[in-house]
Amino acid sequence: MKRNIIFALLTTFFSITISAQSDSIRVYVTKALKIMKNKSVNKSKLNWDEIFDKTLAEASKAKTIKDAYPIIKNALSSLNDSHSNFYPKDVVKAYTLGYKATGQEFPVIKSEMLENSYAYISLPDIGSFNKDDWNLYINTFYAKVNDLQKRKPKGWIIDLRGNFGGMLYPMYAAIAPFLDHKNVVGTKDAEGQIEYYNYKHAKFYEGSTATQMFQLTQKEPKSVKKPVAVLVDKVTGSSGEFITAAFVGQKNVKIVGTNTQGLTSGNQEYKLSDGSFLVLTTGNIVDRTGKEYAKIGEGIPPNIIIEKSTDKAK
């Protein structure tokens, strides 16, 4: 009799545990779906009942939260933006720790004077959510610009070739001295609302709100008025395209190369309960004229076309 009672209790315990796990997985996936439904740039174009039904049916077969990762990725692919992504907690941890802690090479910012007349500087991608990395990136860029400005160049070359994206905040802060005024690039969301990005006194603004603050050890470079050539190629994408779009229409700037990659949309990170990130496309790039770059793969056209722009100048 005692054996039967123990067996019954264990059976009940395991049933409750399995049921709790299933409920937890369903809650986890449902939360991710609700974020997509509320924030996706394409939310008004999608059949959400179908997406929910299909995704939750797949989730019912998952045994653990980790089993739900590919299910969420499949749901993201149905958003048709080619830019949203899912990053498991282990990847997020490395992403947050930064380059040094994970043994990666820090982005190399190259600079030199060409023919003793033109200042060349590269703006590489930066794939880190670590603010110390952001500060180092900005300060390194500023130090090199300040040094080049002492040489009194006749013009500037900013090299965005090979910059496939990453974190916009430090990239935008870095090139801010080259921009002629405010509200030169932003995003347009599903409701048609435009929010421009700006930088001033070590702060990055989204609309009127300062969302990021940097620690500067270098003096902010003087505003650049000389002619600027911005080099782009087919790899230039995502945040690299935000920087490209920021220069569109600026009188002293020419964009040179090929059409950019065509990931002309902005992503927002949403942290899920286990520490994973849902990185969701919430808007398309708009430039200073309000032009929206919504077509995937089309990219931003240069002012001067040079098809072999992938060959590095250095």
Side-chain angles (χ1 to χ4, degrees), residues 95-96 98-100 106-111 119-149 156-187 195-226 228 230-232 236-248 250 252-253 255 260 264-269 283 285-288 300:
Y95 190 52
T96 305
Y99 287 94
K100 185 177 180 180
F106 195 82
V108 177
I109 298 171
K110 300 176 182 178
S111 65
Y120 168 93
I121 190 163
S122 66
L123 190 81
D125 51 86
I126 174 169
S128 167
F129 206 71
N130 182 287
K131 292 192 177 182
D132 288 337
D133 283 351
W134 299 357
N135 292 329
L136 178 58
Y137 182 97
I138 297 165
N139 284 305
T140 302
F141 192 88
Y142 280 1
K144 290 178 179 291
V145 172
N146 285 330
D147 183 62
L148 290 168
Q149 285 186 332
W156 290 78
I157 300 169
I158 299 176
D159 197 347
L160 289 174
R161 294 174 300 171
N163 183 332
F164 55 79
M167 299 309 300
L168 173 64
Y169 311 124
M171 287 187 208
Y172 191 91
I175 57 89
F178 292 88
L179 299 172
D180 57 353
H181 58 74
K182 294 172 59 178
N183 298 340
V184 293
V185 71
T187 56
E195 182 175 71
Y196 280 102
Y197 302 147
N198 286 291
Y199 171 84
K200 186 176 182 180
H201 301 323
K203 294 179 181 178
F204 179 89
Y205 289 83
E206 298 181 49
S208 60
T209 304
T211 58
Q212 305 295 333
M213 179 177 286
F214 309 107
Q215 299 297 320
L216 300 184
T217 58
Q218 298 293 319
K219 183 179 179 181
E220 292 190 23
K222 296 176 182 178
S223 180
V224 175
K225 306 296 184 183
K226 297 290 185 179
V228 179
V230 177
L231 308 184
V232 297
T236 307
S238 190
S239 292
E241 287 175 291
F242 268 91
I243 301 303
T244 306
F247 286 111
V248 170
Q250 185 165 317
N252 67 322
V253 174
I255 299 170
T260 57
T264 46
S265 52
N267 285 351
Q268 180 66 50
E269 297 87 5
I285 292 177
V286 290
D287 63 24
R288 66 184 66 203
I300 300 170

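No hydrogens, no waters, no symmetry mates; every other heavy atom, side chains included, goes into these values.
A search for ring pair (Phe, Tyr, Trp, His ring centres under 6.0 Å) contacts involving Y99 returns F106, not counting sequence neighbours. Remark: N135 pairs with no residue by the side chain to side chain donor-acceptor pair (under 3.5 Å) rule, at least two apart or across chains. Considering only residues two or more places apart in sequence or on other chains, F164 meets the ring pair (Phe, Tyr, Trp, His ring centres under 6.0 Å) condition with none of them. Scanning for ring pair (Phe, Tyr, Trp, His ring centres under 6.0 Å) contacts around F178 gives W156, with sequence neighbours left out. Legend: residues meeting side chain to side chain donor-acceptor pair (under 3.5 Å) with D147, ordered by chain and number and at least two apart, are absent. Applying the side chain to side chain donor-acceptor pair (under 3.5 Å) test to D180 and every residue at least two apart in sequence or in another chain returns R288.
Of the possible donor and acceptor atoms, one in the side chain of S239 sits under 3.5 Å from a partner among the backbone N and O of G166. No donor-acceptor pair under 3.5 Å is formed between the side chain of W134 and the backbone N or O of I126. For N130 (side chain) and T96 (main-chain N/O), a donor-acceptor pair under 3.5 Å exists by modelled atom type. Side-chain atoms of N163 never come within 3.5 Å of backbone atoms of T236 as a donor-acceptor pair (strictly under, hydrogens ignored).
Here the side chains of Q215 and N139 are not in contact, with every heavy-atom distance at 4.5 Å or above.
Taking the six-membered ring for Trp and thresholds of 30 and 60 degrees, F204 and Y169 have ring planes more than 60 degrees apart, a perpendicular arrangement.
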Side chain to side chain donor-acceptor pair (under 3.5 Å), that's the test. Do Q250 and N252 meet it? Break it down for me.
CA-CA 6 Å; Q250 185 165 317; N252 67 322; 2.9 Å; yes
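The distance between the ring centers of Y197 and Y172 does not fall below 6.0 angstrom.
For S122 against V108, the heavy-atom pair with the smallest separation is OG-O, 3.8 Å.
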